Engineer: 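Submitted below is the structure of interest, expressed as structure tokens.
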Amino acid sequence: MALQERLRTLVTHTGPSIEDVRRLGGLDVSYSKDGSRLSAAVVVLDMGTLNVEQVTTYEDTPKFGYVPGLFSFREAPPLLAALENVDPLPDVLLCDGHGIAHPRRFGLACHIGVITGIPTIGVAKQAMIGHYEEPDGPQGSWSPLMDAGKVIGRALRTADNVKPVFVSIGHKISLDTACDIVVHSTPKYRIPQPIRLADQASRHVLRAGTVT
DNA sequence: GCGACAG
DNA sequence: ATCTTGTCGC
């Protein structure tokens with residue numbers, strides 16, 4: 001927790017505008033059913049077409065348990081290991097978890113951003129802290145996620161009439177641009193394509209290692 | 001003290 | 001996260 005308090009002071013809220021983004025990265029980690037193995041995946045997509053350019057995975061064993069608020073210590077190491085084999089690196093990374101919408105304002109997306117220096121966005125399926133009102137039905141509708149009187153993110157509708165996702169900045173990006181990128185990268189389903197494909201890729205790796 | 005608590 | 005069973009909708 002002390003490390004998070006120190007690293008959070010390095011987070012910045014400005015960065016590229018959506019026109020500057022040529023490649024988008026999606027990050028996710030899957031676990032074997034008994035929890036003894038994990039697979040981290042990075043999928044790189046072309047920002048304009050959303051075509052897949054590269055898929056990289058990294059397998060390991062979990063080194064840190066799941067503790068709410070300390071999630072990045074579990075998933076950042078394998079994700080950073082996978083990123084070492086990615087070339088060229090994406091202009092922006094979409095992370096499966098929160099950015100500053102975190103008890104100490106330093107979730108997984110912030111951690112990945114500060115360590116790599118790459119702009120990052122946090123996309124979570126559930127709110128961890130904060131309060132919000134239900135956004136309207138149409139895709140792109142949003143409402144602020146508030147905590148302690150401050151805006152820490154947004155509840156964003158990524159597709160018509162589906163449950164919203166929770167977007168917060170990770171590092172080197174504005175909340176407006178972060179939401180623009182998330183909506184742009186969600187052509188059909190609730191979960192942005194980069195994260196959705198990373199989820200599939202990481203899961204497929206674990207199944208490939210299963211004896212059937 | 002009690003409830004909440006990303007994945 | 002992962003597992004389980006069923007339902008709704010395109």
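The structure displayed is predicted, hence computed values, not measured ones. Numbered from 1 within each chain, the chains take letters A, B, ... in sequence-line order. All heavy atoms count here, side chains included; hydrogens, waters and symmetry mates do not.
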Engineer: Check each residue of residues 100-121 of chain A for a non-hydrogen atom within less than 4.0 Å of any atom in DNA chain B, then write out the ones that pass by number, or none.
Structural biologist: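 When residues 100-121 of chain A is checked for heavy atoms under 4.0 Å from DNA chain B, the hits, listed by number, are A:His102, A:Gly107, A:Leu108.
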Engineer: Which residue pairs pass the salt bridge (Lys or Arg N to Asp or Glu O under 4.0 Å) test with at least one member in residues 109-125 of chain A, sequence neighbours excluded?
Structural biologist: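 Those involving residues 109-125 of chain A are A:Asp96-A:Lys125.
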Engineer: Check whether A:Ser72 reaches the backbone of A:Ala76 with its side chain - one donor and one acceptor, N or O, closer than 3.5 Å.
Structural biologist: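 Side chain of A:Ser72 to backbone of A:Ala76: no pair is present.
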Engineer: How close or far is atom P of C:dA1 from atom CG of A:Leu38, stated in whole angstroms?
Structural biologist: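 One finds 14 Å between P of C:dA1 and CG of A:Leu38, rounded.
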Engineer: With no hydrogens and no angle check, is any side-chain donor or acceptor of A:Thr120 less than 3.5 Å from a backbone partner on A:Ala109?
Structural biologist: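 Yes: the side chain of A:Thr120 pairs with the backbone of A:Ala109.
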Engineer: A:Asp34 near the nucleic acid: base, sugar-phosphate alone, or nothing, with a heavy-atom cut-off under 4.0 Å?
Structural biologist: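 No contact.
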Engineer: At under 4.0 Å between heavy atoms, how does the protein contact nucleotides 3-10 of chain C? Give one character per nucleotide, 5' to 3', with B, S or -.
Structural biologist: S-------
Engineer: At the 4.0 Å heavy-atom cut-off to chain A, mark where contacts on DNA chain B begin and end, going 5' to 3'.
Structural biologist: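 Result: B:dC5 to B:dG7.
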Engineer: Map every base of DNA chain B to its dot-bracket character, where paired means a Watson-Crick or G-U wobble contact with both distances under 3.5 Å and | marks a partner outside the strand.
Structural biologist: .......
Engineer: Between A:Ser39 and A:Arg203 (side chain of the first, backbone of the second, donor and acceptor by atom type, cut-off under 3.5 Å), is there such a pair?
Structural biologist: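 A pair under 3.5 Å: no.
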Engineer: After noting the C-alpha distance and the side-chain angles of A:Ser17 and A:Asp20, does the key distance pass the side-chain hydrogen bond (donor to acceptor under 3.5 Å, both in side chains) rule?
Structural biologist: CA-CA 6 Å; A:Ser17 57; A:Asp20 303 324; 3.1 Å; yes
Engineer: So, does A:Arg104 use its side chain to make a donor-acceptor pair with the main chain of A:Ala2 at under 3.5 Å?
Structural biologist: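 Looks like no, no N/O pair under 3.5 Å.
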Engineer: Is the backbone N or O of A:Asp136 less than 3.5 Å from a side-chain atom of A:Arg157, with the two atoms forming a donor-acceptor pair by type?
Structural biologist: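 The answer is yes, because a donor-acceptor pair under 3.5 Å joins these two groups.
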Engineer: Do side-chain atoms of A:His184 reach the backbone of A:Met47 as a donor and acceptor pair under 3.5 angstrom?
Structural biologist: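 Answer holds: yes.
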Engineer: So does A:Lys188 have more than 12 non-hydrogen atoms from other groups sitting under 6.0 Å from NZ?
Structural biologist: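 Check fails, neighbour count at 12 or below.
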Engineer: Does anything in residues 69-83 of chain A reach DNA chain B, meaning a heavy atom under 4.0 Å, and if so which residues?
Structural biologist: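 Under 4.0 Å from DNA chain B: A:Gly69, A:Leu70, A:Phe71.
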Engineer: With a 3.5 Å distance limit and no angle check, can you tell me whether A:Ser185 reaches the backbone of A:Pro192 through a side-chain donor-acceptor pair?
Structural biologist: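 Checking the backbone N and O of A:Pro192 against the side chain of A:Ser185, no donor-acceptor pair under 3.5 Å is found.
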Engineer: Look only at the side chain of A:His171 and the backbone of A:Thr12, and say whether a donor-acceptor pair between them is shorter than 3.5 Å.
Structural biologist: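 Pair found, side chain donor or acceptor close to backbone of A:Thr12.
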Engineer: Please state how far atom CZ in A:Arg203 lies from atom C1' in C:dA1, giving the value in whole angstrom units.
Structural biologist: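 Spelled out: CZ on A:Arg203 to C1' on C:dA1 is 9 Å.
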Engineer: Would you call the rings of A:Phe166 and A:His98 parallel, tilted or perpendicular, where under 30° means parallel and over 60° means perpendicular?
Structural biologist: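 Rings of A:Phe166 and A:His98: tilted, 30 to 60°.
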Engineer: Do A:Gln193 side-chain atoms and A:Thr186 backbone N/O form a donor-acceptor pair below 3.5 Å?
Structural biologist: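 Judged by distance alone, no pair lies under 3.5 Å.
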Engineer: Between the main-chain N or O of A:Leu89 and the side-chain N or O of A:Arg23, is there a donor-acceptor pair closer than 3.5 Å?
Structural biologist: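 Checked: no pair found.
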Engineer: Would you check, one step at a time, whether the test side chain to side chain contact (heavy atoms under 4.5 Å, CB included) holds for A:His102 with A:Gln4?
Structural biologist: CA-CA 10 Å; A:His102 174 278; A:Gln4 292 177 326; 3.8 Å; yes
Engineer: Tell me the interatomic distance from A:Tyr66, atom OH, to C:dT2, atom P, rounded to whole angstroms.
Structural biologist: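 Roughly 13 Å, once rounded to whole Å.
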